[in-house]
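Chain identifiers are assigned alphabetically (A, B, ...) following the order of the sequence lines, protein sequences preceding nucleic acid strands; residue numbering begins at 1 within each chain. Bear in mind the structure is a predicted one, so any value in this text is a computation, not a measurement.
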Amino acid sequence: MDEHHWINSTEPFATAAAATTTTTTKPLLPFSRLLISGGAAVLVASETCRRGRLLLLCPSASTASPAFCEAFEMEKGKDSRNTFISTLGNFARKCLFGILSVGPIPDHIAFIMDGNRRYAKRRDLEKEAGHKLGFAALMSILRYCYELNVKYVTIYAFSIDNFKRCPEEVKSLMELIREKIEGLIREESIVNQYGIRVHFIGDLELLDEPVRLSAERVMAATAGNTRSVLSVCIAYTSTNEIVNAVHLACEEKWDEFRILDSCGGAYGLTRYVGNGENGENFIGLEDIERHMYMKVAPAPDIVIRTSGETRLSNFLLWQSGHSLLYSPSALWPEIGLRHLVCAILNFQRDRSYMEKKKKIL
Amino acid sequence: MLSLGVDSSLFCRGNIGGILSPRLPSPKKLIISRGSPYQNLGAVLPTQNASSAISRCISTEGQGVYGSPTMIWPENGEDPFVQAGLRQESMPKHVAAILDGNRRWAEAHGKDLDYSLFCQGYMSLAHLCIKWGVSTLSCFMFSTENWKRSKEANDLLFGQFQKYLEQSLEVFMSKGIKVTIIGEKTRLPKDLQEVIKKVEEETKINSTLELNFAVSYGGKWDIVQAIRSISRKAKAGEIGLQDVDGTLMDQQLSTNGLGVPDPDMMIRTGGDQRVSNFLMWQMPHTEFYFTDVYGPDFREPHFIDALRRFQQSDRRFGE
């Protein structure tokens, strides 16, 4: 895979000092660099112990996996509370996140989980196995995000365009999704651990009834959680979201119109509804945004798409106008802590550059 | 056959110690053919000298004087598509471009801010699109957010853009370029609006390339104005609310007049990896190509690299 036009994930996480400004106008914050190098030096020992075992569990296909980050990763899909080395790794990871938190942490990260089927094909597995491994990777990434205090996470689980796939695949995917949604309500699930409120974003009417009912159950069960938000985009496309918002906004405005008209309040209506010739331009940006499915979260700070493809695939087109786009070449089941850390370091560098740019303007 | 292999030395060079720039360097080893005397040119050259590096890679004739465009000419009568490693049948039909980085380029070279290079950059890109068979080029000149810039900078841009349009009218006619301007034109200075009207009118018969400038344009603005015109029609009873769907939205957007409204590929120079409110609705499946090269340094080899990247991507459209 030709990787060199996008951010590459092969670079080691951190050993020392400066990134130069040869290819970038955004140098890494000096204090962060120092802390990261110091932190990395301290954590070499735990890496050495874990590396052999981790490489067996999480083989990376083509990338030279940075040793330090692998040390901090939890075993994918397993509860890591019971081993000494896992505890050490968790502690090391918390130290790393503490270092990262010196700089700005994004409020909202969005993920396009691309590459499950290719991963399965490379390892001679069934497509369903690829999706299951993808789910395990998703759980790890969600834990990392919430440990880092990223308040909003959005994932692109299933697009309306994906209904074009072969019916067996769609059916098995829907079954897997339903099973995993049910799992979210269980006591020991990540939702309860981190106080996550879950939203299912999209045209839920397009889903089968069992899936839709499970989704509604989870939304109701987690409605009281306030610590963080997980938005699962299912049966979603951005164009569908915008058209739906148009319908709702128009209906709302016309209802207002009719009410005012029937009360005889129409005289002031053209002024009330705002600018434009004859008060016809009465739909505004706020009216559309109020009816978007994604009104539950602010605009994403970073949109991460795995597998090296550099497109949005009809995901958050409206919301991602100013988001940083990041596309590691790893496939979704291969995504790990290092990719998230790289994305956040990039975001921090970009944020300091954008602050400077605003001052110039 | 051309090669552009990943060279790990590109990462080590120019980075002291460990934290390598996660942003990949812009393609500095450009179109190099096997057996070419330039094959061993492995040095990483800084971005500011990119164009002279490119000219050294490509041609033995032209001196690669900074600022002069260097083009690829087929050697020995070979098909240029083959020489560049491209497939003619899968070229993108519509390319969108944001040639960002002019101010930083001017600062780096100790020059005053000059938007004429910005306009010339898009003109060179238009010539490249004609040469490589792209039928539509959309250029982001001025966004709705750019109104926050200083009045002097904006007046400079509008003045230079107006001059560029007036001076290039002959070129548009001779090359068969149809010029369209999308955006909130009513906010622009009156004389620029006049020139725009004149250029659009005179070039509308051309058909080789659709050159589409987005001036005072925003993706959100475009969608909102489409929604307003839909709501006007619905209120007037011309259409029902249930008829509002994606196709109707496509018809109301500013890009409706283009042969291919949705870009296949978007190129952004200058290092920023974001869409910045350009063509939101129209880019659900657009392949993005980001490069650190500044706008005035963007040349044909970079464009070919972008095209190659486009052709290597696996466009599944959800399937």
ask   = Do A:N346 and B:Q273 come close enough that some side-chain heavy atom pair is under 4.5 Å?
value = no

key: Part of B:A234 lying under 4.5 Å from any heavy atom of chain A   = both

message = If I take atom CG from residue A:N314 and atom CH2 from residue B:W281, how far apart are they, to the nearest 0.5 angstrom?
response = 8.0 Å

task = Applying side chain to side chain contact (heavy atoms under 4.5 Å, CB included), run through B:D272 and A:Y353 and close with a yes or a no.
result = CA-CA 10 Å; B:D272 268 348; A:Y353 166 72; 3.6 Å; yes

Heavy-atom pair of closest approach, residues B:N277 and A:H322 = CB-NE2, 4.0 Å

inquiry  = Would A:L325 and B:R268 count as a side chain to side chain contact (heavy atoms under 4.5 Å, CB included) here? Give the steps.
reply    = CA-CA 12 Å; A:L325 306 177; B:R268 181 169 184 153; over 6 Å; no

Heavy-atom pairs under 4.5 Å with chain A, option from B:S276, B:S229, B:G246 with the top count = B:S276

key: Interface moiety of A:I288 toward chain B, non-hydrogen atoms closer than 4.5 Å   = side chain

key: Donor-acceptor contact present, side-chain A:R311 to main-chain B:P284, <3.5 Å   = no

inquiry  = Checking B:D245 now: which residues fulfil side chain to side chain donor-acceptor pair (under 3.5 Å) with it, not counting sequence neighbours?
reply    = none

key: Structural part of B:Q225 lying under 4.5 Å from a heavy atom of chain A   = neither

query = Between B:V244 and A:H247, is any pair of side-chain heavy atoms under 4.5 Å apart?
reply = yes

message = Within residues 233-243 of chain A, which residues come under 4.5 Å of chain B, heavy atom to heavy atom?
response = A:T239, A:I242, A:V243

task = Find the distance between CZ (B:R316) and CD (A:E309) and round it off to the nearest 0.5 Å.
result = 5.5 Å

request  = Please state whether the side chain, the backbone, both or neither of B:M283 comes within less than 4.5 Å of a heavy atom of chain A.
outcome  = backbone

note = Cut-off 4.5 Å, heavy atoms of chain A, and the answer for B:L248 is neither

message = If we define contacts as heavy-atom pairs under 4.5 Å, which of A:V246, A:I160, A:V303 has the most with chain B?
response = A:V246

message = With a sphere of 6.0 Å drawn around NZ of B:K220, does it hold more than 12 non-hydrogen atoms of other residues, nucleotides or ligands?
response = yes

inquiry  = Please classify the contact between B:T286 and chain A as side chain, backbone, both or neither, with a heavy-atom cut-off of under 4.5 Å.
reply    = backbone

task = Could you pull out the closest heavy-atom pair between B:R309 and A:T310, with the gap in Å?
result = NH2-CG2, 3.4 Å

query = Would you call B:D314-A:R118 a salt bridge at under 4.0 Å N-O?
reply = no

query = In this structure, are over 12 heavy atoms from other groups packed under 6.0 Å from A:K121 atom NZ?
reply = no

query = At a heavy-atom separation under 4.5 Å, does A:N244 approach chain B through its side chain, its backbone, both, or neither?
reply = neither

